[in-house]
Amino acid sequence: MSETAVKAPSVPDANRWKALVFIALAQLMVVLDATIVNIALPSAQEDLGISDGNRQWVVTAYALAFGGLLLFGGRIADLWGRKKAFVVGLGGFAAASALGGAATNEAMMFGARALQGVFGALLAPAALSLLAVMFTDAKERAKAFGIYGAIAGGGGAVGLILGGFLTEYLDWRWTFFVNIPFAVVAAAGAYFVIREPEGGRNRSPLDVPGVILSTLGLVALVYGFTRAESEGWSDAVTVGMFVASVVLLLAFVVVESRVKAPLLPLRVVTERNRGGIYLSLGLAIIAMFGLFLFLTYYLQIVKGYSPVKTGFAFLPMIAGMITGSTQIGTRLMTRVAPRLLMGPGFLVAALGMLLLTQLEIGSSYAALLLPAMVLLGLGMGTAFMPAMSLATQGVEPRDSGVASAMVNTSQQVGGAIGTALLNTIAASATTSYIADHIVGATSRSQQQLVQLEGMVRGYTSAIWFAVGILVVAATIAFTFVNAGRPNMTAVTGSDEDALDEVPIPVVAH
């Protein structure tokens, strides 16, 4: 931006902290939904007569729609205005949840999940970009993103607890219906409380080729990884999806570099700090998503925990994330450079993951899992908060929607990759272990023991990969993210050469 764009910040919105409550509530609902349905899936499958081959579509339909449409959703938020996109997204998500809860067959369920994904793709980037344009003071921004980061990181584990309670004591349908009060309260609050700063809309014509290419490219990528998990990496359709994804996304980059009003202005992703954040955040999510899955199976199948007890077992991780995000990250963000929070944060999480490579059938929860989960939570919470803040910092207001969408896209694609990649590694190690040891197991109890040992061996093999992925994420954070600590006053400035300070954006009134 030119020097003439630098001016004294306008008076912050008096309702911004109330607005944060409703934005955080909506974010919690979206993150909860990613895990809460997994707990209910066996019951829903039995009730609706969904075959084993088709049950993955309860998860995949949501992931494809959400991951594929995020960039489009971010651009719509910039075009319509974030508040409108936020409220419409919440209304649509509530309606889709009601449809899922009332589902009478598998087609209705898959359709409801896809609709949830569509409206989630509109809602998620609108929520994050609202924070970006409403909180412009460095200290306030740190607190706001600390709360948001804690919810984004810990919400999935809360979903396990809530999903366990609802499935065990009520009915699987309540894992859908529970979204409705969340959405209604968040939408009503947002409608009456949020006052979006003016002048931040991007009213350029919609980049239709960009929408088509990015959506198809991301859908192909997410579906490729999802299919690899069930059909294998050498499956013809899996390979075809990956090839199609590369071609479509390369074509997308070429189109974006040439059109006058691109869906994703390349300046958003080529800026060194944001590029490093999108990459390191995506890698960290790959490690985390696989871990959630393995620990859930380990606690329920190997240790015999109930769904509710499993959910409570994850509480130390949530506490760690909240502490790391709201206490460590928030307090230090205005004092040290973001890379000095992100890099060490990912390394602390890697240390927690390293402890989990020692998992055995008889491992003690208190001696091994508890400290590992606390370290994981603290590390991730500390790293997530500055990452989310810096990803939307210094962005022109008209680009805040797509910049926010890229944060969500890196998380969504990272989740799909993590689940497929780490699951495949675990399954391969389990199969190999059982094949080598089953011959010597003569009794049924010995065979069951070998199978459990194989399962745990598979988890630890995959967790070693997760440790490596987190170390790479830390290296990227240290190498690419070169922004200094935020300036203590809210000013608008260029993202270029931000070695000493990264100014906070304000929206011109």
Requested in this report: To the nearest 0.5 angstrom, please state how far the CG atom of Leu122 sits from the NZ atom of Lys84.
Outcome: 10.5 Å
Report task. Under the side chain to side chain contact (heavy atoms under 4.5 Å, CB included) rule, what do Leu369 and Leu295 come out as? Steps first, then yes or no, please. Result -> CA-CA 9 Å; Leu369 276 87; Leu295 280 186; 4.0 Å; yes
Query raised in the report: Got a donor-acceptor contact below 3.5 angstrom from the Lys303 side chain to the Ser363 backbone?
Result: yes
Query raised in the report: Around atom OH of Tyr305, are there more than 12 heavy atoms of other residues, nucleotides or ligands at under 6.0 Å?
Result: yes
**Report entry** Gln451: partners by side-chain hydrogen bond (donor to acceptor under 3.5 Å, both in side chains), with sequence neighbours left out
**Finding:** none
Query raised in the report: Are Lys83 and Phe86 in a cation-pi setup, meaning NZ or CZ lies under 6.0 angstrom from the ring centre and within 45 degrees of the ring axis?
Result: no
Query raised in the report: Does Asn179 have any side-chain hydrogen bond (donor to acceptor under 3.5 Å, both in side chains) partners at least two apart in sequence or in another chain, and if so, which?
Result: Asp33, Ser97
Query - Any donor-acceptor pair under 3.5 Å from Tyr365 side chain to Leu370 backbone - result: no
Query raised in the report: Could you give the distance from CG (Leu79) to CZ (Arg75), rounded to the nearest 0.5 Å?
Result: 5.0 Å
Query raised in the report: Does the side chain of Leu355 come within less than 4.5 Å of Leu375's, by heavy atoms?
Result: yes
Query - Validation row: Val118, Leu69 side chains within 4.5 angstrom (heavy atoms) - result: yes
Query - Nearest-0.5 Å distance, CG of residue Leu281 to CE of residue Met288 - result: 11.5 Å
Query - side-chain hydrogen bond (donor to acceptor under 3.5 Å, both in side chains) contacts touching residues 458-471 (sequence neighbours left out) - result: none
Report task. Identify the two heavy atoms, one from Gly120 and one from Pro125, that lie closest to each other, and give their separation to 0.1 Å. Result -> O-CD, 4.2 Å
Query raised in the report: So, do Ser325 and Phe384 sit near enough that their side-chain heavy atoms are less than 4.5 Å apart?
Result: no
Query - Derivation of the side chain to side chain contact (heavy atoms under 4.5 Å, CB included) call for Met317 and Val374 - result: CA-CA 5 Å; Met317 190 186 292; Val374 170; over 6 Å; no
Requested in this report: Quick one: closest heavy-atom pair of Gly414 and Ile285, and the distance?
Outcome: C-CG2, 3.9 Å
Query raised in the report: side-chain hydrogen bond (donor to acceptor under 3.5 Å, both in side chains) with Glu256: which residues, sequence neighbours excluded?
Result: none
Report summary line: Residues at least two apart in sequence or cross-chain that pass salt bridge (charged side-chain N to carboxylate O under 4.0 Å, His left out) with Arg227, listed by chain then number, are Asp235
Query raised in the report: Sub-3.5 Å donor-acceptor pair from the side chain of Asp207 to the main-chain atoms of Pro262, do we have one?
Result: no
Requested in this report: Please name all residues satisfying ring pair (Phe, Tyr, Trp, His ring centres under 6.0 Å) with Phe66, sequence neighbours left out, ordered by chain then number.
Outcome: Tyr62
Requested in this report: Mark yes or no for whether Gln45, through its side chain, and Ile50, through its backbone, hold a donor-acceptor pair below 3.5 Å.
Outcome: yes
Report task. Using a 4.5 Å cut-off on heavy atoms from C-beta on, say whether the side chain of Leu70 contacts that of Leu218. Result -> no
Report task. Can you run down the salt bridge (Lys or Arg N to Asp or Glu O under 4.0 Å) pairs that involve residues 90-106, sequence neighbours left out, and say none if there aren't any? Result -> none
Query - Gap separating the CG atom of Leu213 from the CG atom of Leu248, nearest 0.5 angstrom - result: 6.0 Å
Report task. Work out which heavy atom in Ser214 is nearest to a heavy atom in Phe252; give both atom names and the distance. Result -> CB-CE1, 3.6 Å
Query raised in the report: If only atom types and distance count, is the side chain of Arg274 paired as donor or acceptor with the main-chain N or O of Val268 below 3.5 Å?
Result: yes
Query - For Phe182, ring pair (Phe, Tyr, Trp, His ring centres under 6.0 Å) partners two or more places apart - result: none
Query raised in the report: Considering residues at least two apart in sequence or located in another chain, which fulfil the side-chain contact (heavy atoms from CB on, under 4.5 Å) criterion with Ile322?
Result: Ala150, Ile318, Thr326
Query raised in the report: Which is it for Phe225 and Phe242 under the ring pair (Phe, Tyr, Trp, His ring centres under 6.0 Å) test, yes or no, and what are the steps along the way?
Result: CA-CA 8 Å; Phe225 277 105; Phe242 286 134; 4.8 Å; yes
Query raised in the report: To the nearest 0.5 Å, how far apart are CE in Met109 and OG1 in Thr104?
Result: 10.0 Å
Report task. Evaluate the side-chain proximity of Leu470 to Leu283: yes if any heavy-atom separation is below 4.5 Å, no if none is. Result -> no
Query raised in the report: If you look at every heavy atom in Gly101 and Phe176, which pair is closest and at what distance?
Result: N-CB, 3.5 Å
Query raised in the report: Taking side chain as C-beta onward, heavy atoms only, is Leu48 less than 4.5 Å from Trp172?
Result: yes
Query raised in the report: About how many Å separate CZ of Phe93 and CG of Leu123, when rounded to the nearest 0.5 Å?
Result: 7.5 Å
Requested in this report: Consider only side-chain N and O atoms of Arg444 and Gln447, and report whether a donor and an acceptor are under 3.5 Å apart.
Outcome: no
Requested in this report: Let me know which of Leu452, Ile361, Leu359 forms a side chain to side chain contact (heavy atoms under 4.5 Å, CB included) with Tyr298.
Outcome: Leu359
Report summary line: Smallest heavy-atom separation, Met380 atom then Ala284 atom, equals CE-O, 3.7 Å
Query raised in the report: What are the two closest non-hydrogen atoms of Leu90 and Ala26, and how far apart are they?
Result: CD2-CB, 3.7 Å
Query raised in the report: Any side-chain heavy atom of Phe314 within less than 4.5 Å of one from Leu299?
Result: yes
Query - Sequence neighbours excluded - side-chain hydrogen bond (donor to acceptor under 3.5 Å, both in side chains) pairs with any residue from residues 421-435 - result: Glu229-Asn423, Trp233-Thr424, Tyr433-Glu453
Report task. Sequence neighbours left out, what passes ring pair (Phe, Tyr, Trp, His ring centres under 6.0 Å) with Phe177? Give chain and number order. Result -> Trp174
Query raised in the report: Is the count of non-hydrogen atoms from other residues, nucleotides or ligands lying under 6.0 Å from Glu360 atom CD greater than 12?
Result: no
Query raised in the report: Any side-chain heavy atom of Thr238 within less than 4.5 Å of one from Tyr223?
Result: no
Requested in this report: Decide if atom CZ of Phe192 counts as having more than 12 heavy atoms of other residues, nucleotides or ligands within a radius under 6.0 Å.
Outcome: no
Report task. Could you tell me which residues satisfy side-chain hydrogen bond (donor to acceptor under 3.5 Å, both in side chains) with Ser445, sequence neighbours excluded, listed by chain and number? Result -> Ser443
